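Order of the sequence lines fixes the chain letters, A, B, ..., with proteins taken first and strands second; residue numbering starts at 1 for each chain. Quick caveat: nothing in here was measured; it's all calculated off a predicted structure. Reckoned from all heavy atoms, side chains included, excluding hydrogens, waters and symmetry mates.
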Amino acid sequence: MQQKLNLYNTLTRKKEVFEPLHPPMVGMYVCGPTVYGEPHLGHARSAVTYDVLYRFLKSQGYKVRYVRNVTDVGHLENDADEGEDKIEKRAKLEHLEPMEVVQHYTNIYHEELRKLNVLPPDIEPRASGHIIEQIEMIQEILNNGLAYEANGSVYFDVKAYNKDHNYGKLSGRNIEDLLGNTRATEGQEEKRSPVDFALWKKASPAHIMRWPSPWSDGFPGWHLECSAMSRKYLGTTFDIHGGGLDLMFPHHECEIAQSQASNSHTDAARYWIHNNMITVNGQKMGKSLGNFINLSELFGGTHETLEQAYTPMTVRFFILQAHYRSTLDFSNEALQAARKGYTKLMNGLNILKKLEYPEETEALAPDEKLNQELLKLTEDCYRGMNDDLNTARTIASLFNLLKKINSLNLGQISMGQLSRGTFDTVRDTYQELVTDVLGLQEEPLGDMEEMLDLVLQFYKEAKENKHYDKVDTIRAELKKQGIVIKDLKTGIDWAYEE
RNA sequence: GGUAACGUGGCCGAGUGGCUAGGCUCAGCUCUGCAAAAGCUGCUACAGCGGUUCGAAUCCGCUCGUUACCUCCA
């Protein structure tokens with residue numbers, strides 16, 4: 001495949017050819033969730049987006065180290081002021097240890113992502129497990145004169161930093177605008193400037209989650225964990241940093257500032273990737289709007305805006321049918337359409353399993369034009385992926401390919417019109433992209449017990465009609481599945497074979 | 001208020017100077033015991049107004065509308 005992957009880099013605001021720093025190794029860091037609540041559609045979009053990037057890079061032969069963190073400390077209700085820690089607030093509410101909250105929601109997050117066929121990252125570090133690394137980084141920034149201590153807390157000195165660096169280079173802001181727009185917030189007396197952000201916060205006496213540091217018993221600022229952990233596992237400069245568009249400012253901006261101000265002196269990542277938001281009725285799903293749709297509600301059909309339950313693969317397909325940098329509007333109609341599209345793609349997968357190129361028929365009536373057309377379609381599939389992970393285009397091309405596969409299956413196109421090479425390319429492309437790269441897999445069929453009842457019904461009829469050959473066949477086939485039929489006086493039943 | 005982005009056919013959603021995106025829906029045809037699936041055909045759109053150009057949905061300007069970030073959020 002001589003096509004090259006292009007990625008849109010927020011840092012440069014344009015699509016760039018992806019060239020890893022140390023091929024074939026690729027280092028990739030993605031901002032994971034703060035585990036204080038149920039995972040929702042937005043988490044799914046982010047996870048699926050970077051899962052596809054991860055899968056695609058691997059399919060292209062890269063050796064990827066994928067790090068996705070779990071934020072379990074330091075994420076305050078309000079940034080860098082006197083807000084409560086999200087985790088701790090939840091813990092108090094539910095009368096739990098903060099780490100119980102963390103574990104609980106981390107487990108659910110993992111479970112839901114597994115349903116969505118999202119591969120686990122290679123390393124999943126937690127902020128609370130990297131306090132030492134974070135303290136070290138703060139010390140570096142202090143030593144470099146770009147942070148200051150105030151009453152046991154340490155703040156990043158944005159104005160000082162901005163003298164030699166560009167604070168706002170990622171999100172396209174400038175410090176004057178920021179200063180002009182910062183609203184007066186209470187409890188910020190310690191900060192020299194409203195734009196400064198916390199690297200370390202001194203804990204109030206009531207605060208449970210606290211660690212010793214040179215400055216105070218306290219906890220690290222939210223932005224710091226990502227800088228410290230990405231550096232620890234991927235180095236001072238790595239290839240890809242991903243996350244939601246809403247994290248661009250201030251979170252990612254601060255990450256870059258911290259990395260530059262520390263002894264790393266880098267932007268941390270070379271390609272900064274941002275996925276767009278999910279909207280509901282044209283409005284962003286947001287905490288303050290209270291219009292979140294949790295994944296459990298989606299899979300269970302329990303949310304009030306849902307007309308029905310949607311399976312994880314329907315949701316995955318729905319996400320992939322849009323480009324990751326576009327907002328994706330949620331609606332029942334769109335999900336239902338996604339369901340059908342998904343099943344269509346799966347039917348194609350099943351057809352391909354059964355289709356074989358006949359051994360002896362080596363292109364009886366080769367149709368050069370058709371072969372060319374099919375090969376072009378397979379290239380289109382990859383062209384979509386390479387063009388900034390445009391899964392929407394890839395899926396469109398896969399549907400075009402699927403039409404031909406269906407025609408082949410129905411004999412509207414004969415196998416002899418294709419060369420073996422064309423057929424293999426078509427099959428391999430379809431299978432690889434659908435299952436390995438897009439990560440779409442078959443979902444279990446309906447109720448197995450109901451199907452079994454149907455078989456038992458046929459068994460009963462066969463027996464009544466004394467079609468003993470059929471009776472024997474049914475028994476034998478079911479036995480292969482580990483099921484035995486029991487002819488009881490009271491009726492017919494089944495049991496697991498012991 | 002500051003800064004961005006977007007406005008595509010009944011719905012969703014790609015594209016981006018000239019060539020059919022695709023999915024869903026709807027109508028018709030082929031196939032078919034009936035149906036379904038599949039294939040084929042049709043519904044041929046790019047907010048409005050100007051401009052650049054041989055040619056614009058695609059570039060530029062203005063107008064209208066929507067949204068996002070600037071505060072917690074993936």
d([atom1], [X]; [atom2], [N]) in whole Å:
X	N	atom1	atom2	value
Leu247(A)	C72(B)	CG	C1'	11 Å
Met346(A)	A38(B)	CE	C1'	17 Å
Leu355(A)	A38(B)	CG	C1'	13 Å

For the residue pair [X] and [Y], categorise the inter-ring angle as parallel (less than 30°), tilted (30 to 60°) or perpendicular (more than 60°).
X	Y	value
Phe156(A)	Phe197(A)	parallel
Phe399(A)	Phe317(A)	perpendicular
His251(A)	His223(A)	tilted
Trp272(A)	His274(A)	parallel

Exercise. Would the His130(A) and Tyr233(A) ring centres measure less than 6.0 Å apart?
Worked result: yes
Hey, does [X] reach any base, or is it just sugar-phosphate, or nothing, if we go heavy atoms under 4.0 Å?
X	answer
Asn174(A)	nothing
Gly42(A)	base
Met248(A)	nothing

Seminar exercise, completed: In this structure, CG of Leu113(A) is separated from CG of Asp51(A) (nearest 0.5 Å) by 8.5 Å
For this session: Encode nucleotides 9-20 of chain B as B, S and - characters from 5' to 3', where the letter depends on protein heavy atoms closer than 4.0 Å: B to the base, S only to sugar-phosphate, - to neither.
Result: --SSSSS-----
Exercise. When every nucleotide of nucleotides 26-31 of chain B is labelled 5' to 3' by its protein contacts under 4.0 Å (heavy atoms), B for base, S for sugar-phosphate only, - for none, what sequence of letters results?
Worked result: ------
Problem set entry | Cation-pi, Phe249(A) ring and Arg173(A) (6.0 angstrom, 45 degrees) | yes
Exercise. Within a strict 4.5 Å, meaning less than it, do heavy atoms of the Glu38(A) and Tyr109(A) side chains meet?
Worked result: no
For this session: Start with the C-alpha gap between Lys202(A) and Glu190(A), add the side-chain angles, then the distance that decides, and say whether salt bridge (charged side-chain N to carboxylate O under 4.0 Å, His left out) holds.
Result: CA-CA 11 Å; Lys202(A) 181 181 178 180; Glu190(A) 292 172 355; over 6 Å; no
Exercise. With both distances under 3.5 Å as the test, what is the Watson-Crick or G-U wobble partner of A4(B)?
Worked result: U67(B)
Exercise. OP1, OP2 of U25(B) versus side-chain N and O of Lys340(A): anything below 4.0 Å?
Worked result: yes
Exercise. Would you say Asn406(A) reaches G39(B)'s phosphate, i.e. side-chain N/O to OP1/OP2 under 4.0 Å?
Worked result: yes
For this session: Nearest-nucleotide wise, let me know which of Ile395(A) and Lys403(A) is further upstream toward the 5' end of RNA chain B.
Result: Ile395(A)
Exercise. Does His43(A) or Ser397(A) map to a spot on RNA chain B nearer the 5' end, using the closest nucleotide for each?
Worked result: Ser397(A)
